[in-house]
Amino acid sequence: MATSELTAFKEKMKLRTKRFAHDCVRISLKFPENMLGDHICKQLIRCSTSVAANYRASCVAQTIPTVIAKISIAIEEADESEFWIEFALDEKLISKAQSEDLKTEAHEIASILIKSRQTLQQKRLA
């Protein structure tokens, strides 16, 4: 991938992960104000914003191992976000329609980042 393509990819992913975090925050704030709603709200906000923050950190990391570590955290947090979205659906805090796009986005972000990590790991071994 050329430098300009890589820069464009990074910027697109920064925006995408940030938009995902905002979307999760918006849906979380609609959960009922009870013990379960509060717990899932906090968990989903924490992990979804962590996806964006750790991806952003990976873009300015100084070494490939640090980039890989930050991307790995973002992958874990995207997967955890998907879990909390599913759990909120299971507990009927959100509808299937509300959850589908968020769940799909969490999964796609994780898949893209897994591929990015694999590419970096291969470069590191070469």
Side-chain angles (χ1 to χ4, degrees):
M1 186 179 292
T3 302
S4 61
E5 291 173 328
L6 181 58
T7 300
F9 171 81
K10 286 181 179 182
E11 289 306 312
K12 181 180 174 186
M13 284 303 293
K14 280 184 196 177
L15 290 172
R16 188 170 179 175
T17 57
K18 188 176 178 183
R19 185 175 52 248
F20 172 70
H22 281 297
D23 291 345
C24 287
V25 167
R26 277 192 276 285
I27 198 91
S28 296
L29 294 176
K30 294 179 183 178
F31 292 167
E33 292 186 19
N34 59 34
M35 189 178 205
L36 180 62
D38 292 345
H39 177 69
I40 297 172
C41 173
K42 289 175 185 171
Q43 293 285 52
L44 183 54
I45 288 173
R46 183 198 53 75
C47 59
S48 64
T49 56
S50 183
V51 173
N54 278 288
Y55 180 74
R56 187 177 182 100
S58 78
C59 292
V60 296
Q62 299 296 308
T63 65
I64 290 178
T66 305
V67 174
I68 291 169
K70 291 296 182 181
I71 286 176
S72 295
I73 294 168
I75 292 165
E76 291 171 9
E77 298 292 352
D79 183 65
E80 185 177 340
S81 296
E82 187 176 355
F83 167 80
W84 286 115
I85 294 161
E86 289 173 359
F87 200 86
L89 176 62
D90 294 344
E91 290 296 325
K92 299 181 181 24
L93 300 180
I94 55 176
S95 69
K96 186 171 177 82
Q98 290 173 306
S99 71
E100 284 303 310
D101 287 344
L102 280 179
K103 224 173 88 166
T104 298
E105 185 65 355
H107 191 80
E108 286 180 7
I109 288 170
S111 296
I112 291 165
L113 295 179
I114 287 167
K115 184 64 179 164
S116 295
R117 181 177 63 187
Q118 289 171 341
T119 300
L120 283 165
Q121 288 169 330
Q122 288 169 354
K123 281 185 179 180
R124 193 169 163 221
L125 297 175

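- Between Glu80 atom CD and Ser48 atom OG the span is 10.0 Å, to the nearest 0.5 Å.
- The nearest pair of heavy atoms linking Val51 to Glu77 is CG2-C, 3.5 Å.
- Atom CG of Asp101 has 12 or fewer heavy atoms from other residues, nucleotides or ligands within 6.0 Å.
- Two residues are said to be in side-chain contact when any heavy atoms from C-beta on lie closer than 4.5 Å; Asn54 and Glu76 fail this criterion.
- Remark: of the listed residues His107, Lys115, Glu108, His107 is the sole one forming a side-chain contact (heavy atoms from CB on, under 4.5 Å) with Ser111.
- A donor-acceptor contact shorter than 3.5 Å links the side chain of Gln62 to the backbone of Val60.
- Under the 4.5 Å side-chain criterion, counting only non-hydrogen atoms from C-beta, Ile109 is in contact with Glu105.
- Both Leu36 and Phe83 are assigned to one and the same hydrophobic cluster, defined by single-linkage of ILVMFWY side chains at heavy-atom distances under 4.5 Å.
- In this structure, the side chain of Ser50 does not engage the main chain of Arg46 through any donor-acceptor pair within 3.5 Å.
- Summarising the geometry of Leu120 relative to Ile64, their closest heavy-atom pair is O-CG2, 4.3 Å, with the distance given to 0.1 Å.
- Between Ser95 and Gln98, the closest heavy-atom pair is N-OE1, 2.8 Å.
- Minimum heavy-atom separation, Val67 to Ala61: CG2-CB, 3.6 Å.
- Taking both residues in full, the closest heavy atoms of Lys14 and Tyr55 are given as N-CE2, 3.7 Å, listed atom of the first, atom of the second, then distance.
- A continuous path of hydrophobic side-chain contacts links Ile114 to Met13 [ILVMFWY only; heavy atoms under 4.5 Å].
- If you take CG on Leu102 and CD on Glu86, they are separated by 12.0 Å, rounding to the nearest 0.5 Å.
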I'd like a table of donor-acceptor pairs (distance under 3.5 Å, sequence neighbours excluded) in which one partner is a side-chain atom from residues 18-33, with atom names and distances.
unit_1	atom_1	unit_2	atom_2	d
Asp23	OD1	Arg26	NH2	3.0
Ser28	OG	Cys24	O	2.7

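- Going from atom CZ of Arg56 over to atom CG of Leu15 covers 9.0 Å, rounded to the nearest 0.5 Å.
- Residue Arg16 qualifies as enclosed at atom CZ: its count of foreign heavy atoms under 6.0 Å is above 12.
- Taking CD1 from Ile71 and CD from Gln121, the interatomic distance works out to 9.5 Å, rounded to the nearest 0.5 Å.
- Contact annotation: the side chain of Ile112 approaches that of Phe9 to within less than 4.5 Å [non-hydrogen atoms, C-beta and beyond].
- Rounded to the nearest 0.5 Å, atoms CD1 (Ile68) and CD1 (Ile73) are 12.5 Å apart.
- Partner His39 forms a side-chain contact (heavy atoms from CB on, under 4.5 Å) with one of Lys42, Met35, Gln43 and no other, that one being Gln43.
- Here the shortest heavy-atom pairing between Lys70 and Ser58 reads CB-CB, 3.6 Å.
- With rounding to the nearest 0.5 Å, the separation of CD in Glu11 from CG in Leu6 is 10.0 Å.
- Taking the six-membered ring where tryptophan is involved, the planes of Phe87 and Trp84 are perpendicular, since the angle between them exceeds 60° and thus also 30°.
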